[in-house]
Amino acid sequence: MKQRIWKMAGLSAAAASLAIAAGCSSSQPEKVTDVKSPAAVSTPVEISILSPTYGESTPNDIDRIKKLNEKLNIKVNVTFAPANNYQDKLNVVLASGDIPDVTVVWDTNITGWAKAIQQGAFWDLTPFIKDYPSLSQIPQSVYDVTSVNGKLYGIPRARPTDGHESLLIRKDWLDKLGLQPPKTTDDFTKVMEAFTKNDPDGNGKADTYGFASFGSPSPAYYLTSMFNGMAGQNVPMFGFTEETSGQLSPKLSSKSTAEGLAYWQQQFKAGYFAPDYPIMKTAQPLEMFIANKVGMVFSNINEPGIKWQDELRKTDPKATVVAYEIPTAPDGKHYYEKSSGSFGILMVNKKVPEAKLKKIMELFDYTSTQEGHLLVTGGIEGVDYTTPNPKLPLLIKLSEAATKLSSSHSQWIPQYFNKYARAQIGAWSDEQNTAAMALLDSIEKQSVIDPSLGIVSPSWNDKSADWSKKINDMYVNVIIGKNSIEDWDKLIKGFQADPAWEKIVNEVNDGYKQRKSK
C-alpha cells in the first residue's frame, strides 16, 4: 500500500532551498480596473507576492492555485526565497524599491522596515478589516501585537495562541515508580529525582535524567517562565508585567526570575537535569526523550502524537507519553504565556491602487476561511488529500502525489485561525483529542499575553545585541553553577544603572498607553 502522510494543514516545514519563480512587481503604480466593475470580471487581477519557503518552491501553476485564481478572478504570482536567508532577501528588495504588491515580513521592528512604514510605503489596513468577515474573526489580541503605533500595516499570518507550553511526561515511568504527575515545583523535583535515580527504564544502568531543555542558541527565559511567564518577543530579554497601577514593569529584574534561576540551578547541581544543557540545541531535548534518556520536557501538547510515541515504542513497546499542565510556581499559580498568534504579517505596497488593494483583501479573507486555507495548503479534496475524521476537518491525509509538493504556498496566506492546532492529531482517538483540547482550554483560561508585544523600543534595538548576549550567557551560567545568583543580580543592577534601561521601560510604557487609547 502506498504510504500517506498526515498533515496539520498549513503547519509543515522542511529545509530551505532557493526557488526561481515569477519576479516582483515594478516600483511603478499599476493601473487596475475597479474590481467591482464588469471589466474586472473578465480580466484577472495580477497580484505579485514575495514569500519565504522552507523547502523546494511549488510552481504557481499547480491545480490548487489555478482553482484559487478562478474562484477570485485573480492571478497570483509568487516569488519564493529560502527561509534561511529570507531576511537578507527582504532587505535587498526594500533597498531596491522594487517592492511587490504583497510581502511577507517577519519583523517590522528591523530598522529599514520600521522606517519604510513611517514614510508611508505600505497601506494602513486598519479601516478595511471590518469589511472582511473572516479576517474580522482573528482575535483582537493578535491584531494588537502586530500593529505599529496602533495601526495595522499587515494581515497577521495566524498561529494558535496556546498549546505550546505543556509538560510531557513518560506516563509509563510514573506508573512503574508509583508516582503521580507533578503539580508543584516540589513535586516536580521529586519526579525528576526518581527518574534520575530509580532506573525507570529498567536497564540496570544510571543513564536517565529527570528533565532536559536547551541552552543554545538562546534560552529566552524558557525555564523561568514557569515562575512568571515567558518573556516577550519584541523586547525578548525583558518581558513585561502589568502592575495594578497600569504601569508595565520588566520581568528581567523581578524577584521571581531570580527565584526561577535558583530553582533550576539546584536541579542541575543535583544531577536531575541533562548535563549537556548549555550546548543543547532546540531539538535535542526531544531527541533525548525519544531515545529513552529523559522523562520530562516542555513542549507542544500534541507533540507525542506527531512521532514521539511511535519512535519510543520501537525500543519500548509499553512507552506512553502524556501532556500535563506545567507545575505551579511557589506562589501556587500557573504561569503560561499567550503567544502573539502570528508569525509575521502580509504587507501591501502603498503603490497598489485602492481597487486592487480590495481584491488583495478579498484574497486574504478567503484564505483565512477553512475552505480557502485547505485549498492552498492541502490542495483539492479527494485528489490531493482526504479527511479521515470529519470532526477534525483541518487534519488531512495527503496523497502520495501531494507529498511531493512543498508547503511553500501556505507561507503567503493568513491561514485559518485554529486555536486547537497544537492539541490535535489525526492518528489519535476522539478521546485523546478531546483530552488534549480540554488541556488547552484549561491553559488558555490562565495564559497571559506579554503586554509589551508589538511595541517598538528604539533604545532596546540599540542595546539588544550587547545586552542579549550578556543575559543569555549569565542565564545559562547561573543554571549550571558557573555563576551565582549574586552575579545575576550584579548584572541586572549594571543594566539598571545605564540610562538606556529607563528609556526602554518608558518607551514600552508609552507604546502601551498609546495602544490602549485606540
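For reference, positions follow the sequence shown, starting with 1.
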Q: Any side-chain to backbone donor/acceptor pair from Asp172 onto Thr320? Under 3.5 Å, distance only.
A: yes
Q: Does the Gln284 side chain pair with the main chain of Lys281, one donor and one acceptor, at a distance under 3.5 Å?
A: yes
Q: Using only atom types and a distance under 3.5 Å, with no angle test, would you say the side chain of Ser136 pairs donor to acceptor with the backbone of Tyr132?
A: yes
Q: Do Trp412 and Phe80 make the cut of ring centroids closer than 6.0 angstrom?
A: no
Q: Would a distance-only check, ignoring hydrogens and angles, find a side-chain to backbone donor-acceptor pair under 3.5 Å from Glu165 to Ile326?
A: no
Q: Give a yes or no on whether Lys445 atom NZ has more than 12 heavy-atom contacts from other residues, nucleotides or ligands under 6.0 Å away.
A: no
Q: For Phe195, enumerate each residue passing the ring-ring contact (aromatic ring centres under 6.0 Å, His included) test, keeping only those at least two apart in sequence or located in another chain.
A: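 Phe195: ring-ring contact (aromatic ring centres under 6.0 Å, His included) contacts with Trp173.
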Q: Do Thr161 side-chain atoms and Ser340 backbone N/O form a donor-acceptor pair below 3.5 Å?
A: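 Checked: no pair found.
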Q: Looking only at heavy atoms, which two atoms of Pro181 and Tyr324 are closest? And how far apart?
A: CG-CE2, 3.4 Å
Q: Give a yes or no on whether a salt bridge exists between Lys171 and Asp175, defined as a side-chain N under 4.0 angstrom from a carboxylate O.
A: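 Salt bridge flag = yes for Asp175 with Lys171.
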Q: With sequence neighbours left out, write down each residue that passes ring-ring contact (aromatic ring centres under 6.0 Å, His included) with Tyr86, or none if nothing qualifies.
A: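 Partners of Tyr86 under the ring-ring contact (aromatic ring centres under 6.0 Å, His included) test: Trp106.
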Q: Between Tyr263 and Phe227, does the ring centroid distance fall short of 6.0 Å?
A: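 Ring-ring flag for Tyr263/Phe227: true, centres closer than 6.0 Å.
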Q: Could you check whether any side-chain N or O of Arg422 sits under 3.5 Å from a backbone N or O of Pro160, counting only pairs where one atom can act as donor and the other as acceptor?
A: yes
Q: Excluding sequence neighbours, so at least two apart, what forms ring-ring contact (aromatic ring centres under 6.0 Å, His included) with Phe128?
A: Trp123
Q: Where do Ser166 and Ser299 come nearest, in terms of heavy atoms and distance?
A: OG-O, 2.8 Å
Q: Given the side-chain rings of Phe273 and Phe211, with only the six-membered ring counted for Trp, is the space between their centroids under 6.0 Å?
A: yes
Q: Please check if the side chain of Asp365 supplies one atom and the backbone of Ser134 the other of a donor-acceptor pair under 3.5 Å.
A: yes
